[in-house]
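Written out below as structure tokens is the structure these notes cover.
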Protein chains: 2
Amino acid sequence: MDLRRLRYFVAVAEARSVGKAAERLRMAQPPLSVQIRKLEAEIGAPLFRRGTRGMDLTEAGQALLARASEALALAADGAEAARAVASGRRGRLSVGYMFVLANAVLPRLIPELRRSVPGVDLDFAELSASTREARLLDRSVTVALCMPAIHHPEIQVARIGAQPLMLVMPIRSPLARLNTVPMARLQGRPLIALPPPDQDPASSAVAALLRRHQIVMPIASRVETVHSAMSLVLAGEGLAIVPACAKLGAPRGIVFRPLRDAADSIDIAVCWRRDSQSPLIRTFLKCAEKIVARL
Amino acid sequence: MDLRRLRYFVAVAEARSVGKAAERLRMAQPPLSVQIRKLEAEIGAPLFRRGTRGMDLTEAGQALLARASEALALAADGAEAARAVASGRRGRLSVGYMFVLANAVLPRLIPELRRSVPGVDLDFAELSASTREARLLDRSVTVALCMPAIHHPEIQVARIGAQPLMLVMPIRSPLARLNTVPMARLQGRPLIALPPPDQDPASSAVAALLRRHQIVMPIASRVETVHSAMSLVLAGEGLAIVPACAKLGAPRGIVFRPLRDAADSIDIAVCWRRDSQSPLIRTFLKCAEKIVARL
DNA sequence: CCATTGGCATACCGAAAACGTATGGGTTGG
DNA sequence: CCAACCCATACGTTTTCGGTATGCCAATGG
């Protein structure tokens with residue numbers, strides 16, 4: 001069963017004539033006649049009644065016509081859908097994000113995205129620091145909005161911004177009276193730590209900052225998210241050093257202070273599998289850059 | 001866009017491997033690989049991600065897969081539907097009948113038909129004597145249960161029975177006291193006439209009967225149906241000569257009497273266009289023969 | 001580190017299918 | 001009775017398809 005034959009069949013059925021249909025199909029009449037007869041042989045029944053003034057569908061032909069034109073439309077639609085997905089006009093984009101960025105970025109990013117790619121199914125998923133690589137690698141998210149960036153040979157990273165590190169403490173803390181906190185004042189105080197990227201404690205921006213200033217802060221707890229860290233800080237478990245944008249989601253009773261002599265920051269990055277060639281990734285990147293630039 | 005290519009595409013997508021799919025399709029791997037690449041060229045986008053352990057659909061490929069398998073199913077279903085219609089397992093049969101036969105035949109014929117061809121859409125339409133040929137010729141009915149038969153070069157006729165002619169009169173008529181009525185008693189009485197077949201007044205069985213016995217009955221009225229005739233008879237407008245089976249639909253106050261020395265009858269026939277090759281016609285014929293034989 | 005294996009891609013050739021041109025046959029209408 | 005119209009058939013040419021042989025690449029294992 002060949003789709004061309006069905007196309008020919010539909011043309012002849014609509015034109016009610018082999019000659020007219022051949023003209024419309026830009027081909028000669030005899031081969032079209034042959035194809036129709038071959039189709040009839042394949043089906044095993046006459047599809048047309050041959051009259052002296054053209055041809056007319058039999059009942060069997062009518063039964064075929066309905067499904068044949070549907071099948072043709074479906075095949076054409078399938079090709080068009082594949083092209084649309086390949087070009088980024090349609091499809092699905094699964095966006096992963098880390099919760100630190102949710103409050104600062106998502107409320108403006110999501111509407112912007114929907115406006116940019118109206119035909120695309122968008123899908124958002126929070127990523128935990130410990131599973132974000134895996135989610136990208138197994139394609140359960142197509143693109144991830146990360147902070148800090150991921151380092152992995154299969155993953156492509158585009159840095160789109162950065163946030164300065166700030167000290168986070170309860171409002172009752174004596175340090176809260178300072179406008180900026182000197183690094184030396186952190187010496188020996190308990191720290192609520194976040195998971196370092198790359199499973200390597202030394203790779204964290206906070207660790208680097210402390211190391212450079214030769215400050216030692218004992219780790220009171222390790223938590224998964226900046227928000228958990230802030231909760232523990234509020235509970236008096238210690239201090240935390242987090243990106244400035246976390247302020248938007250901070251609970252009452254928490255204050256943010258810049259660290260004197262510390263211009264350190266954490267990158268905001270868009271990350272995706274190197275072999276994901278979806279054009280939606282570029283679109284996402286542009287939107288994210290635009291929104292993050294305004295922070 | 002070729003249906004074979006889509007079939008190949010679906011096979012490869014399901015097997016997630018060109019080699020495995022080729023095996024299942026009973027062909028060599030290289031030509032299949034070529035066909036897949038041709039399909040990708042036709043679409044203008046990669047449909048598979050080639051890995052070292054086989055192939056995997058891209059998003060564009062997934063978009064195509066859904067519609068491609070639907071299109072394949074539809075094409076197969078179309079062929080099957082056409083075969084089913086051609087063989088009489090499915091389809092539509094539009095049955096025309098003349099009202100004289102409705103009461104005697106339809107109540108038993110319709111259930112019998114539905115049992116014989118359960119997949120077929122049946123459709124019944126009353127035919128008037130004056131338009132029955134036209135309804136067959138323009139195919140608005142496929143087959144007609146007629147009385148009397150139609151004569152037309154394009155129409156095939158199968159005689160399946162006959163009904164004797166009987167005299168119809170009001171119960172109060174003096175003739176009603178006779179068990180059989182001699183032909184001579186009809187001389188000069190007004191007749192409620194029915195339309196002759198073939199638009200020719202001489203072609204009617206009643207006309208032939210009267211002519212043979214040299215009886216003249218003035219025509220009081222011409223009506224379309226036997227039932228109209230019986231109504232007029234009841235109203236005292238005249239007598240009518242009708243087939244015996246009309247008795248089943250006769251109004252109260254009407255009596256039927258055989259005519260002495262007159263074995264004349266009217267044929268019951270199944271009629272259809274010579275060029276209608278639907279096998280349902282044969283089935284219908286068998287059912288109708290069986291039911292009419294029991295009259 | 002090299003050999004082997006598994007999988008897809010490419011090249012080439014023979015076979016099958018489709019298309020075009022030429023032509024025949026049947027019916028309609030003047 | 002001839003011309004016009006339409007579908008069917010025949011035949012040669014061209015395109016396309018499938019099979020075999022082979023190459024390339026990556027992963028695996030000794």
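In what follows, every heavy atom counts, from backbone to side chain, and hydrogens, waters and symmetry copies are set aside. Protein chains get the first letters and strands the later ones, always in sequence-line order, with residue 1 at the start of each.
The side chain of P30(B) approaches dA11(C) more closely than any other nucleotide in the set dA17(C), dA11(C), dC7(D). For P31(B), whose side chain is taken as the heavy atoms from C-beta onward, the closest listed nucleotide among dG19(D), dA17(C), dC19(C) is dG19(D). In the set dA21(D), dC8(C), dG18(D), the nucleotide with an atom closest to the side chain of M27(B) is dG18(D). In the set dA9(C), dG20(C), dG6(C), the nucleotide with an atom closest to the side chain of R50(B) is dA9(C). Nearest to the side-chain atoms of V34(A) among the listed nucleotides dA21(D), dT9(D), dG7(C) stands dT9(D). In this structure, the nucleotide among dT9(D), dA17(C), dC17(D) sitting nearest to the side chain of K38(A) is dA17(C). Checking dG20(C), dC7(D), dG18(D) against every side-chain atom of A28(A), the shortest atom distance belongs to dG20(C).
Counting heavy atoms from C-beta on, the side chains of F48(B) and V12(B) come closer than 4.5 Å.
For the pair L39(A) CG and dA17(C) P, the interatomic distance rounds to 15 Å; values are reported in whole Å. Rounded to an integer number of Å, the gap from CG of D56(A) to P of dC7(D) is 12 Å. Counting to the nearest Å, the P atom of dG7(C) and the CZ atom of F48(B) are 16 Å from each other. What separates CG of D2(A) from P of dA17(C) is a distance of 11 Å, to the nearest Å. Rounded to whole angstrom, the span from the CZ atom of R7(B) across to the C1' atom of dC17(D) amounts to 15 Å. Regarding Q35(A), its CD atom lies at a distance of 13 Å from the C1' atom of dA16(C), rounded to whole Å. One interatomic measurement links the two molecules: CG of L32(A) to C1' of dA8(D), which rounds to 12 Å at whole-angstrom precision. Taking atom CG of L3(A) as the reference point, atom P of dC17(D) lies 14 Å away to the nearest angstrom.
Within the structure, every side-chain polar atom (N or O) of R53(B) is placed at least 4.0 Å from both OP1 and OP2 of dA26(D). Taking side-chain N and O atoms only, Q29(A) has no distance below 4.0 Å to OP1 or OP2 of dG20(C). Under 4.0 angstrom from either OP1 or OP2 of dC7(D) there lies at least one side-chain N or O belonging to S17(A). A close approach under 4.0 Å does not occur between any side-chain nitrogen or oxygen of R4(A) and OP1 or OP2 of dA17(C).
No hydrogens or angles considered: nothing links the side chains of S276(B) and S278(B) as a donor-acceptor pair under 3.5 Å.
Judged by distance alone, with hydrogens and angles left aside, the side-chain atoms of E289(B) form no donor-acceptor pair with the main-chain N or O of I160(B) at under 3.5 Å. Between the side chain of E42(A) and the main chain of M1(A), a donor-acceptor pair closer than 3.5 Å is present. Remark: the backbone N or O of G119(B) is not paired with any side-chain donor or acceptor of R89(B) at under 3.5 angstrom.
By the neighbour-count criterion of 12 heavy atoms within 6.0 Å, atom CD of E23(A) is sparsely surrounded, having that number or fewer from other residues, nucleotides or ligands.
If you check every strand for non-hydrogen atoms under 4.0 Å, G54(B) touches sugar and phosphate atoms only. Here R5(A) lies in heavy-atom contact (under 4.0 Å) with sugar-phosphate atoms only.
When each of Y8(A) and T52(A) is assigned the nucleotide of DNA chain C with its nearest heavy atom, Y8(A) is the one assigned upstream, toward the 5' end.
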